[in-house]
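Written out below as structure tokens is the structure these notes cover.
So you know, we letter chains A, B, ... as the sequences are listed, proteins then strands, and number each from 1. Values in this document were obtained by computation on a predicted structure and should not be read as measured data.
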There are 2 protein chains.
Amino acid sequence: MQNLSKNQQIIFDLIDKSPEPLKAYAILFNVQKKGIKAPLQVYRALDKLVKIGKIHKIESRNAFIACNNSSCQVSNATAFSICEVCEKVTEISNTNLSKYLSNFKDKEGMKFNKYNLEFFGLCKKCKNK
Amino acid sequence: MQNLSKNQQIIFDLIDKSPEPLKAYAILFNVQKKGIKAPLQVYRALDKLVKIGKIHKIESRNAFIACNNSSCQVSNATAFSICEVCEKVTEISNTNLSKYLSNFKDKEGMKFNKYNLEFFGLCKKCKNK
DNA sequence: TTACATAGTGTTATATTATAACAATTTTAA
DNA sequence: TTAAAATTGTTATAATATAACACTATGTAA
Ligand SMILES: [Zn+2]
Ligand SMILES: [Zn+2]
Ligand SMILES: [Zn+2]
Ligand SMILES: [Zn+2]
């Protein structure tokens, strides 16, 4: 559990308090008043935060959310649900699922040290409309 | 099983015969001799081909591969293994896995009509080096 | 404490990926 | 046959991400 650098902390705080995934340039816009002026400064912090598992990238949306799963300190096994109407994203923490996927072997018996799963559908709210 | 339009067919053929996932601008470069000159022409064909399940997008790589799974004619349930060394991508067709994921319910009992799963690790070849 | 490695910062420029907007043509099906 | 839906062509531009270089801060081990 290492300390974050200045830029990493600024960017993590922003993502962590956001109710929705944030895109890199939205982050850039938001942190310019704090002195972070260039895309690279944002992307470097994002890369590091992803690497240490403080945030995750939602690949299908090119957006970033804070990890909500204390046991997920390394970002090697992630699962999300994504509402196709309101774009609400929720990290899924399900022991059964993560066990199943971590132990999954392909046809040739290969196991994988990392996975990312994205479910798509309607969230509860959007379903009841 | 609808027929493909001219541009869709050209682009599908290219992806289908490629041993590796292709990126949109690599596709564009390759089909320029066939008269497809602009990014949008490529992206429109890709969108359609993804929609009808003839190809899939590898989200973490922004690249496209042909579907190798005859039962996967709609692209609503996809799984891939990706080698982090040589970038080889293989579509996984595993009844047990797809059943498990299609029936998965989250904490609130929600089911999802669609998912995409990407495994990362070393392919057989890269592992034995 | 010095020196070395590692990680982080700041900056400019540029590469890569993807869509907006508009006009025309072709295909499909009632 | 005619109207809707799908596809095409084109120019311009938006959005996402990295290269390259110079410098600074931090940790660590002699
Ligand atoms: Zn997490
Ligand atoms: Zn919703
Ligand atoms: Zn498929
Ligand atoms: Zn490999």
Please confirm whether the shortest side-chain N or O distance from [X] to OP1 or OP2 of [N] is below 4.0 Å.
X: B:Q41; N: D:dT10; result: no
X: A:S5; N: D:dA25; result: no
X: A:K6; N: C:dG10; result: yes

Item to check | Proximity to the side chain of A:K37 - top-ranked nucleotide from D:dT8, C:dT11, C:dG10 | outcome: C:dT11

Do [X] and [Y] have a side chain donor and acceptor closer than 3.5 Å?
X: B:Y100; Y: A:N96; result: yes
X: A:N116; Y: A:E118; result: yes
X: A:S81; Y: B:D106; result: no

Checklist entry - For the ring pair A:F119 and B:F104, is the centre-to-centre distance below 6.0 Å? => result yes

Checklist entry - Is a side-chain N or O of B:D16 found less than 3.5 angstrom from the main chain of B:F12, in a donor-acceptor match? => result no

Checklist entry - When you measure from the side chain of B:S102 to the backbone N and O of B:S98, does any donor-acceptor pair fall under 3.5 Å? => result yes

Checklist entry - What bend angle does the helix from C:dT1-D:dA30 to C:dA30-D:dT1 show across its length, from five-pair end axes and to the nearest 10 degrees? => result 50°

Next on the checklist: Could you work out, with side-chain contact (heavy atoms from CB on, under 4.5 Å) as the rule, every residue matching B:K114, not counting sequence neighbours?
Outcome noted: A:E84, A:F120, B:N76

Next on the checklist: Is there a side-chain contact between B:E91 and B:C67 in this structure, where contact means two heavy atoms from C-beta onward sitting under 4.5 Å apart?
Outcome noted: yes

For nucleotides 16-21 of chain C, list the nitrogen or oxygen atoms of the protein found under 3.5 Å from its nitrogen or oxygen atoms, one pair per line.
{"unit_1": "C:dT17", "atom_1": "OP1", "unit_2": "B:K23", "atom_2": "NZ", "d": "2.4"}
{"unit_1": "C:dA18", "atom_1": "OP1", "unit_2": "B:K57", "atom_2": "NZ", "d": "2.7"}
{"unit_1": "C:dA18", "atom_1": "OP2", "unit_2": "B:Y43", "atom_2": "OH", "d": "3.1"}
{"unit_1": "C:dA18", "atom_1": "N7", "unit_2": "B:Y25", "atom_2": "OH", "d": "2.8"}
{"unit_1": "C:dA18", "atom_1": "N6", "unit_2": "B:Y25", "atom_2": "OH", "d": "3.1"}

Would you kindly give the [atom1]-to-[atom2] distance between [X] and [N], to the nearest whole Å?
X: A:Q8; N: C:dA7; atom1: CD; atom2: P; answer: 11 Å
X: A:I58; N: D:dT16; atom1: CD1; atom2: C1'; answer: 16 Å
X: B:K48; N: C:dT27; atom1: NZ; atom2: P; answer: 14 Å
X: A:L4; N: D:dT26; atom1: CG; atom2: C1'; answer: 15 Å
X: B:N3; N: C:dT26; atom1: CG; atom2: P; answer: 18 Å
X: B:Q9; N: D:dT8; atom1: CD; atom2: C1'; answer: 16 Å
X: B:F12; N: D:dT7; atom1: CZ; atom2: C1'; answer: 19 Å
X: B:L28; N: D:dG9; atom1: CG; atom2: P; answer: 13 Å

Next on the checklist: Check B:E20 with B:K88, please: is the shortest side-chain N to carboxylate O separation under 4.0 Å?
Outcome noted: no

